[in-house]
Amino acid sequence: MSSDRRKPFPFDEFEPRWQQRWESEKTFGSAGPGDPDFDGSKPKCFVLDMFPYPSGAGLHVGHPEGYTATDIIARAKRMQGHNVLHPMGWDAFGLPAEQYAIKTGQHPRITTDANIVNFRRQLKSLGFAYDWDREVNTTDPGYVRWTQWIFLQLYHSYFCEESRKARPVSDLEAKGWSRPQIDAVRLAFVHEAPVWWSPDLGTVLANEEVDEWKAKGHTVERRPLRQWMLRITKYADRLINDLDPLDWPEGIKLLQKNWIGKSEGAEVIFNVHGHPITVFTTRPDTLFGATYMVLAPEHPLVSSISSPEQLPAVSAYIQACASKSDMDRGDLNKDKSGVFTGAFAINPVNNEPIPVWIADYVMMGYGTGAIMAVPAHDDRDLAFATKFNLPILQVVQPPDNSDWQGFTDEGTAINSGFLDGLTTPAAKQHIISWLESNNLGRRRIQFKLRDWLFSRQRYWGEPFPIVWENGEHRAIPDSELPLLQPDLEDFKPTGDPRGPLIKATDWIRYSDSAQRETNTMPQWAGSCWYYLRYCDPHNSDRFISREAEAYWLGGNDKPGAVDLYVGGTEHAVLHLLYARFWHKVLFDLGHLSTPEPFQKLVNQGLILGEDGAKMSKSLGNVVNPDDVVRAYGADSLRLYEMFMGPLEQVKPWSMKGVEGVSRFLARVWRVAFTESPDGSWALNPKLSASAPPDKSLRRTVHETIRKVTDDIDKLSFNTAISQMMICTNAFTAADVVPVADLVSLLLCLNPFAPHLTEEIFAHLQAAFPDLPASQLALQPWPQFDPAALVVDEIEIVVQVNGKLRDKITVASAADPATIEAAALAAPRVIDAIAGGSIAKVIVVPKKLVNIVVK
RNA sequence: GCCGGCAUGGCGAAAUGGUAAACGCAGCGGACUUAAAAUCCGCUGGCCCGCGAGGGUCUUGCGGGUUCGAGUCCCGCUGCCGGUACCA
């Protein structure tokens, strides 16, 4: 006895055997341009998983959910005649890997490699049809080289405002631009600004990452540092507009749009004792209602405009804000604070003086760091004005005459001079024209999106291919790529904002007068373009060959390159935004033929623990895929995860459910085999190659082919599996099973449960030599016969006033008049309409009759 | 607060505006077995009527509406989950 539980079918024997065969025969290799077996006549299909972060914990059951879904699509598409690209790789740089290495005291190279070995073993044990020859690892020198090369593409480019595209900075050099002018417009640039610095992680973080690491218990503070930035804000418009033609969940599109945060409004220039101060507002129509102005405490003009009497209070307030951690600012959300500067601004529309305050509810990082406060029609301004007794002046009349105080929607302008009587949108247009013609302001579109903070003070990431000389940066030549990080015994963060690479003195020295940049790139760098590398993973001349790019990523008249991308929602605004940005830059520069990376995106839902709570070590409800494979087999795990419910839905785990699908697979097994008294399996005698056709069985089989084909297309795997269960139950109940029908089911089931179906089919091949010689996975997808679906008679439901009263059976070809007559003649219908008069009869062919009685 | 998503049996769920609950889990009964497991067969939303076959009636979070007909479409709520937050 090898196990405490008797196996319902010998998966533990045949699953590893088939996995070895697929590997040694390279069954799922995909040939692209340049490869020997390439067949360019087949349509391509690029089916992509979000590659995992190889953590020390190994795979959890959430990984195989998305991976099984794409595996089913990839296998089915291959059987349907597509040339399928279905690869896997490792997102192996980054903070968690380095934190793990620090914790275990081992070099991140060692721990990362060990984790990858474990992940690869686990994925292979699930029988995924990956082309393992295309495996990529973001930490491989051959990969790092091209990550750095792409960075240099950004470094050597600027955003051309006329063409709205990235262009090489050499264009600007040709026009005679100076070096500082060019540095000021590069897509990759150096900037000194307040950034998010985490003292205990010893690095800065991107805006998008801050929450994640705070949630893990790390502290984050604001600190001015010189950093590498990527000018993603130039792409804000395109990143919003280009979402439209993508087949993404609307919720994810919205999340990105909100993150980019486009606001249309105006800049208005106020005069404050000779200093022009510009504010940004989305409601220029309320300018007459501005009763005070607020500057961010960090605003550069605060000290110069403050009156001598107010200066001590102002300085104290600025001091207090600076020491306030970000957390405190968030928590004290609604409780407004602020100080009067003693200065007055002149409202340009009516020359009224209004007091200028500073308050931390205005942030330096958004807009101009200054606002005009309209307390009557803005919640925050209202709270502030109420607290500090500032005047509140109505300038918008609500359409329904509701309370104007705190009314923030659109209405009609009042108390607004020349704007009076205009609707909010009309007033906006009018005032903007007025401001522009008087040089007092202009139309302005403002985004929430900030430029991407791209440098980290860490060891485990790609070094920047940059050297510094005489305070000026420059790129190292492509021939020096990849630039690998030096081998450091001690790679721990130092707390020095230059990062741990500062310790590698030999490595830093580039020449007598030039030193290397010591910052490294964030984890996102590698994941921004890995899908491109899969198309041509071993190319040492280019990041991807022109031919491979055109074939795998272009050519289907869609903006998105990858046909299907499946992964979790957690990347909605990080990876998915960054990758789109890089893709667009490479597209602009002529390296790619599509403007978008991912045509169709699907988010798999979270799998919860058996108790309905999120799986976590502390709750002890984590399910390890290895344990499930050991007890039930890979096919059962795959099938269960697809049978649980719709892919996108959040759903709880159930071991009983795994047992249920495992029982189903055992029933399929027993259609093919019967158990001999000695425990061995022999071919089921009810299988027949020459069975007389059984019409109802045949109909079930063809209905199954039809439904499974449709459902796979819709990614509706749970209902496809239901149908295959129905078909299997029909086989179990039948006295004779035609081999061809069983093979049809096996073909349908093969993408879901590849090991079991191949094993059964191999035995059928031995017994029935007429069957095709190849594996199921290499055979064409089954076609259903519409004739087999035709039935002679159908049941029609008869309703009276919408209530089910009787059922009648009619010939399937019966015309509506015949159906109506039969319905009216049904005995229980006659009873139901007795005493009333028939007002109307609705006949829905092949479905129902509804008799309306009065 | 704002923006999304969801709400159907004891549980996971299914249902192009057309028989609500397919399929699976759990439960109940039966066959096989000395017995158990496994397997196979059958039953399984609530209430009411009937010894029974069967029949009636109610039921998709709540309240309205559109329609011959609504789980599905529209309006208004409630609850849960996710995202986001002083973004002017």
Side-chain angles (χ1 to χ4, degrees), chain A residues 5-8 211 249-255 257-259 261-263 265 279-283 286 294 296 329-330 332-336 359-363 365-374 377-381 383-384 408 446-450 569-570 572-573 605-606 608 612 614 639-640 643-646 648-661 663-664 666-667 670 674-675 716 718-726 728-729 732-733 795-807 828 839-844 846-853:
Chain A
R5 197 177 60 90
R6 209 182 141 280
K7 307 272 192 285
D211 287 346
E250 285 306 315
I252 300 291
K253 288 187 184 180
L254 211 66
L255 227 49
K257 283 181 190 172
N258 290 343
W259 187 267
K262 183 175 183 170
S263 295
V279 303
F280 172 70
T281 176
T282 54
R283 291 298 298 271
T286 62
V294 187
R329 269 206 187 187
L332 299 173
N333 220 336
K334 300 294 172 231
D335 191 21
K336 297 280 186 290
D360 66 356
Y361 82 93
V362 174
M363 286 161 304
Y366 182 78
T368 59
I371 62 158
M372 60 178 218
V374 185
H377 308 293
D378 182 279
D379 295 335
R380 296 148 304 177
D381 296 345
F384 192 84
T408 56
Q446 175 69 37
F447 294 95
K448 267 196 263 184
L449 185 71
R450 317 290 166 82
T569 337
E570 66 273 20
V573 287
L606 199 65
L608 305 174
K614 201 166 166 175
L639 204 69
Y640 171 65
F643 188 59
M644 293 173 86
E648 297 91 332
Q649 195 166 301
V650 179
K651 39 208 179 287
W653 186 266
S654 157
M655 247 353 151
K656 285 286 185 191
V658 183
E659 222 163 287
V661 292
R663 248 188 316 249
F664 158 63
R667 280 166 77 91
R670 283 194 308 270
T674 51
E675 193 165 17
S716 180
N718 54 332
T719 51
I721 294 167
S722 295
Q723 183 60 38
M724 291 189 282
M725 286 173 168
I726 291 169
T728 303
N729 291 344
T732 303
E795 191 182 64
I796 299 269
V797 169
V798 186
Q799 297 178 334
V800 176
N801 291 338
K803 284 195 174 155
L804 176 66
R805 287 301 163 191
D806 209 341
K807 295 173 185 178
R828 290 181 41 222
K840 197 172 176 184
V841 178
I842 289 118
V843 179
V844 183
K846 295 183 196 291
K847 280 270 192 279
L848 63 65
V849 177
N850 189 13
I851 302 161
V852 186
V853 175

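Within every chain, numbering begins at 1; the chains are lettered A, B, ... in the order of the sequence lines, protein sequences first and strands thereafter.
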Response to the item:
From NZ of Lys840(A) across to C1' of G69(B) the rounded distance in Å is 10 Å
Worksheet item: Can you check whether Val798(A)'s main-chain N or O pairs, donor with acceptor, with Arg805(A)'s side chain at less than 3.5 Å?
Response: no
Fill in: A22(B) to C43(B) separation - P atoms, rounded to the nearest Å
12 Å
Item to complete: Go through C3(B), G56(B), G12(B) for me and flag the one nearest to the Asn258(A) side chain.
Response: C3(B)
Worksheet item: Taking only N and O in the side chain of Tyr366(A), is any of them less than 4.0 Å away from OP1 or OP2 of A88(B)?
Response: yes
Discussion item. Please determine whether a side-chain nitrogen or oxygen atom of Arg663(A) lies at a distance below 4.0 Å from atom OP1 or OP2 of A26(B).
Written reply: yes
Item to complete: Take atom P in U59(B) and the same atom in G4(B), then report the distance between them in whole Å.
Response: 32 Å
Worksheet item: Roughly, in whole Å, what's the span from CE in Met655(A) to C1' in A26(B)?
Response: 17 Å
Worksheet item: Just how far, in rounded Å, is P of C80(B) from CG of Leu606(A)?
Response: 20 Å
Worksheet, complete the sentence: Contacts of Glu250(A) and Gln446(A) projected onto RNA chain B by closest heavy atom; the upstream (5') one is Glu250(A)
Fill in: Pairwise side-chain contact, Glu659(A) with Tyr640(A), heavy-atom cut-off 4.5 Å (strictly under)
no
Worksheet entry | Interatomic distance where CE belongs to Met644(A) and C1' belongs to C23(B) [whole Å] | 16 Å
Worksheet item: At under 4.0 Å between heavy atoms, what does Ser263(A) touch on the DNA or RNA strands: base, sugar-phosphate, or nothing?
Response: sugar-phosphate
Worksheet, complete the sentence: By the Watson-Crick or G-U definition, both distances under 3.5 Å, C40(B) is matched with G30(B)
Worksheet item: OP1 or OP2 of U19(B) less than 4.0 angstrom from a side-chain nitrogen or oxygen of Arg805(A), does that happen here?
Response: no
Worksheet entry | Same-atom distance (C1') from A70(B) to U16(B), integer angstrom | 15 Å
Practice prompt. Decide yes or no for Asn850(A) and Lys840(A): does some side-chain heavy atom of the first lie under 4.5 Å from some side-chain heavy atom of the second?
Written response: no
Worksheet item: Can you tell me how far C1' of G83(B) sits from NZ of Lys257(A), to the nearest Å?
Response: 17 Å
Practice prompt. Write down the distance between CD1 (Ile842(A)) and P (U67(B)), rounded to a whole number of angstrom.
Written response: 13 Å
Fill in: Test item: Val849(A) and Val797(A) side chains (from C-beta on) under 4.5 Å apart, heavy atoms
no
Discussion item. Would G9(B) be called syn or anti here, given the cut-off of 90° from 0?
Written reply: syn
Practice prompt. Taking the side chain as every heavy atom from C-beta outward, state whether Arg670(A) and Thr732(A) have any atom pair closer than 4.5 Å.
Written response: no
Worksheet entry | Lys/Arg cation over aromatic Tyr361(A): Lys336(A), 6.0 Å, 45° cone | yes
Worksheet item: Does Lys656(A) get its side chain close enough to the base of C11(B), under 3.5 Å, for a donor-acceptor pair?
Response: no
Discussion item. From the set A22(B), C68(B), U19(B), return the single nucleotide nearest to any side-chain atom of Glu795(A).
Written reply: U19(B)
Worksheet, complete the sentence: Closest to the side chain of Arg667(A), out of G83(B), C40(B), C68(B), is C40(B)
Worksheet item: What integer number of Å spans the C1' atoms of G29(B) and G65(B)?
Response: 47 Å
Practice prompt. Could you tell me whether Lys807(A) contacts a base, only the sugar-phosphate backbone, or nothing, with contacts defined as non-hydrogen atoms closer than 4.0 Å?
Written response: base
Item to complete: Using atom NZ of Lys803(A) as one end and atom P of G55(B) as the other, report the distance to the nearest whole Å.
Response: 17 Å
Practice prompt. With heavy atoms under 4.0 Å as the rule, sort Leu254(A) into base, sugar-phosphate or nothing.
Written response: sugar-phosphate
Worksheet item: Are more than 12 heavy atoms from other residues, nucleotides or ligands located less than 6.0 Å from atom NZ of Lys846(A)?
Response: no
Worksheet item: Nearest 0.5 Å, what's the CG-CG distance between Leu449(A) and Asn258(A)?
Response: 12.5 Å
Worksheet entry | Complement of C77(B), any strand, by Watson-Crick or G-U distances under 3.5 angstrom | G61(B)
Worksheet item: With a non-hydrogen cut-off below 4.0 angstrom, is Gln649(A) in contact with a base, only sugar-phosphate, or nothing?
Response: sugar-phosphate
Worksheet item: Which base, if any, makes a Watson-Crick or G-U wobble pair with A13(B), both distances under 3.5 Å?
Response: none
Discussion item. Taking the minimum atom-to-atom distance to the side chain of Lys847(A), which one of G24(B), C40(B), G18(B) wins?
Written reply: G18(B)
Discussion item. Using a heavy-atom cut-off of 4.0 Å across all strands, would you classify Leu255(A) as base, sugar-phosphate, or nothing?
Written reply: sugar-phosphate
Discussion item. Can you check the distance between C51(B) and A38(B), where both ends of the measurement are the P atom (answer in whole Å)?
Written reply: 39 Å
Fill in: Nearest listed nucleotide, side chain of Thr282(A), among A88(B), A13(B), U39(B)
A88(B)
Fill in: Span that lies between the P atom of C48(B) and that of A14(B), in whole angstrom
32 Å
Fill in: Comparing Val797(A) and Phe447(A) on RNA chain B - which has the more 5′ nearest nucleotide
Val797(A)
Worksheet entry | Among G24(B), A88(B), G18(B), the nucleotide that comes nearest once only the side chain of Asn850(A) is considered | G18(B)
Fill in: Closest to side chain of Thr719(A), choosing from C40(B), A15(B), G18(B)
A15(B)
Worksheet entry | Whole-Å P distance, G18(B) and C74(B) | 15 Å
Practice prompt. Look through every strand shown and name the nucleotide pairing with G82(B) as Watson-Crick or G-U wobble, where both distances are under 3.5 Å.
Written response: C3(B)
Fill in: Side chain of Asn718(A) (C-beta onward), nearest among A14(B), C68(B), G56(B)
A14(B)
Worksheet item: Between G18(B), A88(B), C68(B), which nucleotide has the shortest distance from any of its atoms to the side chain of Val852(A)?
Response: C68(B)
Practice prompt. Write down the distance between CG (Leu848(A)) and C1' (G17(B)), rounded to a whole number of angstrom.
Written response: 11 Å
Worksheet item: With rounding to whole Å, what would you report as the distance between A13(B) and G9(B) at their P atoms?
Response: 11 Å
Worksheet item: Could you go step by step and tell me if Asp381(A) and Ile371(A) meet the side chain to side chain contact (heavy atoms under 4.5 Å, CB included) rule?
Response: CA-CA 10 Å; Asp381(A) 296 345; Ile371(A) 62 158; 3.6 Å; yes
Fill in: Touch class at under 4.0 angstrom, heavy-atom based, for Gly660(A) against every strand present
sugar-phosphate
Worksheet item: Which part of the nucleic acid does Asn801(A) contact within heavy-atom distance under 4.0 Å: base, sugar-phosphate only, or nothing?
Response: nothing
Discussion item. Can you tell me which nucleotide in G24(B), A88(B), G56(B) comes closest to the side chain of Asn729(A)?
Written reply: G24(B)
